[in-house]
Amino acid sequence: MNQDYIQPNNWSIIEEGFDAERVKSSESIFSIGNGAMGQRANFEEQYSGSTFQGNYIAGVYYPDKTRVGWWKNGYPEYFAKVLNAPNWIGINVTINGEALDLTTCKEVRNFRRELNMQEGWLSRTFEVALQNGIELKVDAKRFLSLDMDEVGVIQYHVTALNSAADIVFEPYLDAGITNEDSNWDDKFWNTLSVTSEGSQAFILSHTMKTKFHVCTAMQTELSLNGQVLNETPSVSKSEHTISFSYTSKVAKGDTVTMTKFGGYTVDRNHDKNDLASVAQKTLVKAAELGFDQMLAQQKEAWAKIWKMSDITIDGDVKAQQGIRFNIMQLNHTYLGKDARLNIGPKGFTGEKYGGSTYWDTEAYCIPFYMATKDQKVARNLLEYRYNHLEKAIENAEKLGFKNGAALYPMVTMNGEECHNEWEITFEEIHRNGAIAFAIFNYHRFTGDFSYIPEKGLEVLIAIARFWKQRATFSTLRNKYVILGVTGPNEYENNINNNFYTNYIAQWCLNYTLETISKMKEDYAADLIRVIDKVKLTEEELSDWEQVANNMYYPYSEEHNVYLQQDGFLDKELITVKDLPKSERPINQKWSWDRILRSPYIKQADTLQGFYFFEDQFSTEELERHFDFYEPFTVHESSLSPCVHSIQAAKLGRMEQAYQFYLRTSRLDLDDYNHEVEEGLHITSMAGTWMSIVEGFGGMRVVDNKLSFEPKIPEQWDAYSFRINFRNQILKISVAKNETSFELEGDQAMAILINGKEVTVNPQQVLTV
């Protein structure tokens, strides 16, 4: 834990007291989004202190040219960047000629910021004494509409506390913005026009290279003590900005309010020639509804989300706050409405990782979206990869693979690989396995096989072709080996025979063969169509089987465990507990050379295989491997604690499982990795959900039935969650001495509880 200023609360994230040192951290933590756009919690008014400006539009990116010391064949030409979009939230405030700026104020009192998770809004209140002697109270609230996802709204109240004052509001749009993570300080945006009409303003711009056209727009309204003032603002323009100016003379105790509607229209959704007119109509509609009505709709929309996705925890406020924060931010980032979109590791909260898609989506996020939303949402995530299959084949061709073999990118916006670290781009090939596993996982959970004959089989075949070509036959071992890889543990590069990579490669080959066999019986016409399309031969199938049946795994007879990779036991096996705290985190304190020579594991690697394929190993095998590898794991990846929490719960080690849960659920709130100011860890937040549902709840799918082995941490009195399983909603409530199941719908459901089959009847509570 590196910070502890967020106030414990079941339904809100609350910061009390202004501290300039934590502004950038709070800008991340209090970020908001609606799936189509998002923004860091930057102040509306001017702030001259250290800040990280960030507004982002889903699917809008820039191909920033790769910058490396020296080039290697196969390097991606660019690293995709989610772009800091034109800023529409700005409202400069001047009082008797002095700018409102929390850095220069004489005093800031009663500062309070709240992210209300239940209702979906962000607020900030404070009192200030200015250098000119004027004292004010500010009360600002904003949200990004879920119902009208091209619009956000701000209501900004200023109250004169100690005297009359002349208050000037200057709401503005600014397209002259930059990214903090630019490689070459390129110009990312080109401004086309800056216009206004009445109380509306528009900036049309497009991204360089990718030519995404965007209209950034605002509509403003001024009120005094709740009464709208029909004032016409003065207008000021520059090449990249436009602002309105409203001047009000207020008496002591008066409150003047700026209401600002703003947002983006994008040519991904509209004709580029219509963006301004669409924005104009959208703003008018929003303004006609008004702030209060839009807020009421926001509360209703979030109530629907929470009804299905909420996890309740009794007796542990910090644990409750943590899981709700994670669930909220996942919904801020992705709602499943658009199959062209995916989930970036930072979502709309920062620029690190380029806002691109990683294997995190398939390995960690899909279970959350499958179980808390309509299964079409998870299917959209699968279709995203199918739509990029041709690019994945091109990616493999660039590296010398043939015959339709596909290597899905480690990092992508449009299907092309755009990661510029060789040990990731060329070697972290296990991501291919996660794509295939997601197809299997989707069918296992939803029972919907239709995706596979329609689209999924083509993906599986292309991945199987890759694994066949990537494996090498070793005459020394008389086995197939996979050389020169990086496993999930990125603190090991260019190693041979990573257990997880070899295992998932074998599994992919076998799963593809099994799927083809199933389709011969039940989907013969689709199989013939796909085979003809990809020109699959019987000889290939035989080759896949040969590789799968003869895959090599490094193993230690002494420790009775699979080794993470060849040579792991050559390392100096000093456990994490014997590392001085002053040397942690090692990724910030050690040279990369030293890390690579150490036994330390960034995240679950061998244990990732045991997580995915738990049913293929005994509990005793899991225990041996957990006991061997976890002591060397530094958990410096956000994806690490959740897997270990699930496995610790499986082994009945509830205190350890609970501590891992706290770390994953409060990773950002408590800034465990000392990097929250860069943005939140969105994709690992789905792992937090898994820690409760799969870890403590013990949920699995066994023989087409939900199976539970519920446990409860000592620190909790009870917890509950809902699962949408094959279009039936099951609520699970776990207390100290009993577990109850409640089924919505009109059909009974057979489930397994601690291995015993029981039937849950609709509208009845089954307690065991």
Side-chain angles (χ1 to χ4, degrees), residues 1-2 13 25 28-29 31 33 38 309 311 319 321-334 342-372 381 410-411 424 428 430-431 434 437-438 488-491 585 587 601-605 607-608 611-612 630 633-649 657-696:
M1 181 187 297
N2 287 300
I13 307 301
S25 293
S28 293
I29 290 170
S31 295
S309 65
I311 292 179
Q321 183 182 45
I323 186 59
R324 283 181 172 149
F325 177 69
N326 284 253
I327 292 170
M328 181 186 209
Q329 292 295 350
L330 283 163
N331 281 285
H332 279 172
T333 304
Y334 184 80
N342 209 283
I343 306 159
K346 293 295 182 189
F348 298 125
T349 71
E351 297 166 13
K352 191 174 180 181
Y353 305 120
S356 306
T357 300
Y358 282 61
W359 70 293
D360 306 14
T361 292
E362 283 73 27
Y364 295 87
C365 296
I366 278 183
F368 169 79
Y369 287 100
M370 281 195 302
T372 65
L381 291 171
M410 187 65 185
V411 178
I424 306 298
E428 203 163 334
H430 65 80
R431 74 254 192 172
F437 184 81
N489 173 27
E490 292 171 341
Y491 290 174
N587 64 11
I601 301 169
K602 183 181 180 185
Q603 66 189 79
D605 191 306
L607 292 178
Q608 182 73 34
Y611 167 66
F612 271 174
E630 197 284 324
T633 306
V634 290
H635 303 291
E636 289 174 10
S637 164
S638 64
L639 300 174
S640 189
C642 60
V643 171
H644 288 84
S645 179
I646 293 166
Q647 293 178 333
Y658 173 75
Q659 293 302 326
F660 280 130
Y661 164 76
L662 277 188
R663 179 159 181 168
T664 184
S665 68
R666 299 190 65 85
L667 179 71
D668 293 314
L669 293 177
D670 296 339
D671 197 13
Y672 274 91
N673 288 353
H674 207 50
E675 59 182 9
V676 73
E677 67 179 40
E678 298 176 346
L680 304 178
H681 296 84
I682 300 299
T683 48
S684 72
M685 290 176 169
T688 304
W689 178 90
M690 290 173 2
S691 296
I692 294 180
V693 174
E694 298 180 8
F696 303 145

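Along the sequence shown, residues are numbered consecutively beginning with 1.
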(request) Rounded to the nearest 0.5 Å, what's the gap from CG on Asn326 to OG on Ser684? Could you check? (result) 7.0 Å

(request) For Asp670, enumerate each residue passing the salt bridge (Lys or Arg N to Asp or Glu O under 4.0 Å) test, keeping only those at least two apart in sequence or located in another chain. (result) Arg666

(request) Looking only at non-hydrogen atoms, find the nearest pair between Leu607 and His644 and report the distance. (result) CD1-NE2, 3.6 Å

(message) Can you list everything that forms a side-chain contact (heavy atoms from CB on, under 4.5 Å) with Pro488? Sequence neighbours excluded, please.
(response) Trp359, His430, Asn498, Tyr500, Gln603, Asp605

(request) Evaluate the criterion side-chain contact (heavy atoms from CB on, under 4.5 Å) for residue pair Asn673 and Arg663; output intermediate values, then yes/no. (result) CA-CA 10 Å; Asn673 288 353; Arg663 179 159 181 168; 3.8 Å; yes

(message) Using a 3.5 Å distance criterion without hydrogens, assess whether the side chain of Lys346 forms a donor-acceptor pair with backbone atoms of Gly679.
(response) yes

(message) Quick check: do Ser640 and Thr633 have side-chain heavy atoms less than 4.5 Å from each other?
(response) yes

(message) Once rounded to the nearest 0.5 Å, what's the spacing between atom CZ of Phe696 and atom OG of Ser645?
(response) 4.5 Å

(message) Going by salt bridge (Lys or Arg N to Asp or Glu O under 4.0 Å), name the residues that satisfy it together with Glu362, two or more places apart in sequence or in a different chain.
(response) Arg385

(message) Could you measure the distance from the CD1 atom of Ile13 to the CE atom of Met328? Nearest 0.5 Å is fine.
(response) 8.5 Å

(message) Please list all pairs meeting salt bridge (charged side-chain N to carboxylate O under 4.0 Å, His left out) that have one or both residues in residues 681-691, counting only residues at least two apart or in different chains.
(response) none

(request) Would you give the length of the straight line joining atom CD1 of Ile343 to atom CD1 of Ile682, rounded to the nearest 0.5 angstrom? (result) 9.5 Å

(message) Taking side-chain hydrogen bond (donor to acceptor under 3.5 Å, both in side chains) as the definition, give me every residue that meets it alongside Tyr364, ordered by chain and number, with sequence neighbours left out.
(response) Gln608

(request) Tell me, please, which residues at least two apart from Asn587 pass side-chain contact (heavy atoms from CB on, under 4.5 Å). (result) Tyr491, Pro585, Glu636

(request) Grab the two heavy atoms, one from Ala604 and one from Val643, that are nearest each other, plus how far apart they are. (result) CB-CG1, 3.7 Å

(request) Could you list the residues that satisfy ring-ring contact (aromatic ring centres under 6.0 Å, His included) with Phe612, not counting sequence neighbours? (result) Phe437

(request) Please answer whether the main-chain N or O of Cys365 pairs with a side-chain N or O of Tyr334 as donor and acceptor at a distance below 3.5 Å. (result) no

(message) Restricting to side-chain hydrogen bond (donor to acceptor under 3.5 Å, both in side chains), what partner residues turn up for Arg324, sequence neighbours left out?
(response) Asp310

(message) How close do Cys642 and Gly687 get, counting heavy atoms only, and between which atoms?
(response) CB-O, 3.2 Å

(message) I'd like to check the side-chain hydrogen bond (donor to acceptor under 3.5 Å, both in side chains) partners of Thr349; sequence neighbours left out, ordered by chain and number.
(response) none

(message) Just verifying a value: how many Å separate Leu381 CG and Ile366 CD1, rounded to the nearest 0.5 Å?
(response) 5.0 Å

(request) List in chain and number order the residues that pass side-chain hydrogen bond (donor to acceptor under 3.5 Å, both in side chains) with Glu630, two or more places apart in sequence or in another chain; answer none if no residue qualifies. (result) His635

(message) To the nearest 0.5 Å, what is the distance between OG on Ser665 and OH on Tyr672?
(response) 7.5 Å

(message) Please check this pair: side chain of Asp671 against backbone of Val676, looking for a donor-acceptor N/O pair closer than 3.5 Å.
(response) yes

(request) Would you please name every residue forming a side-chain contact (heavy atoms from CB on, under 4.5 Å) with Asp360, sequence neighbours left out? (result) Pro345, Tyr358, Leu639, Thr683

(request) Would you please test Ile29 and Phe325 for side-chain contact (heavy atoms from CB on, under 4.5 Å) and show each step? (result) CA-CA 9 Å; Ile29 290 170; Phe325 177 69; 4.1 Å; yes

(request) Let me see the working for Ser28 and Asp668 under side-chain contact (heavy atoms from CB on, under 4.5 Å), right down to the final yes or no. (result) CA-CA 9 Å; Ser28 293; Asp668 293 314; over 6 Å; no

(request) Could you pull out all residues at least two apart from Glu490 that satisfy side-chain contact (heavy atoms from CB on, under 4.5 Å)? (result) Met410, Ile424, Glu428, Thr486, Lys602

(message) For Ile327 and Phe368: C-alpha separation, side-chain torsions, deciding distance, then whether side-chain contact (heavy atoms from CB on, under 4.5 Å) applies.
(response) CA-CA 9 Å; Ile327 292 170; Phe368 169 79; 4.2 Å; yes

(request) Indicate whether the side chain of Gln329 and that of His332 have a donor and an acceptor atom separated by less than 3.5 Å. (result) yes

(request) Kindly indicate whether the side chain of Pro367, heavy atoms from C-beta on, has any atom under 4.5 Å from the side chain of Trp689. (result) yes

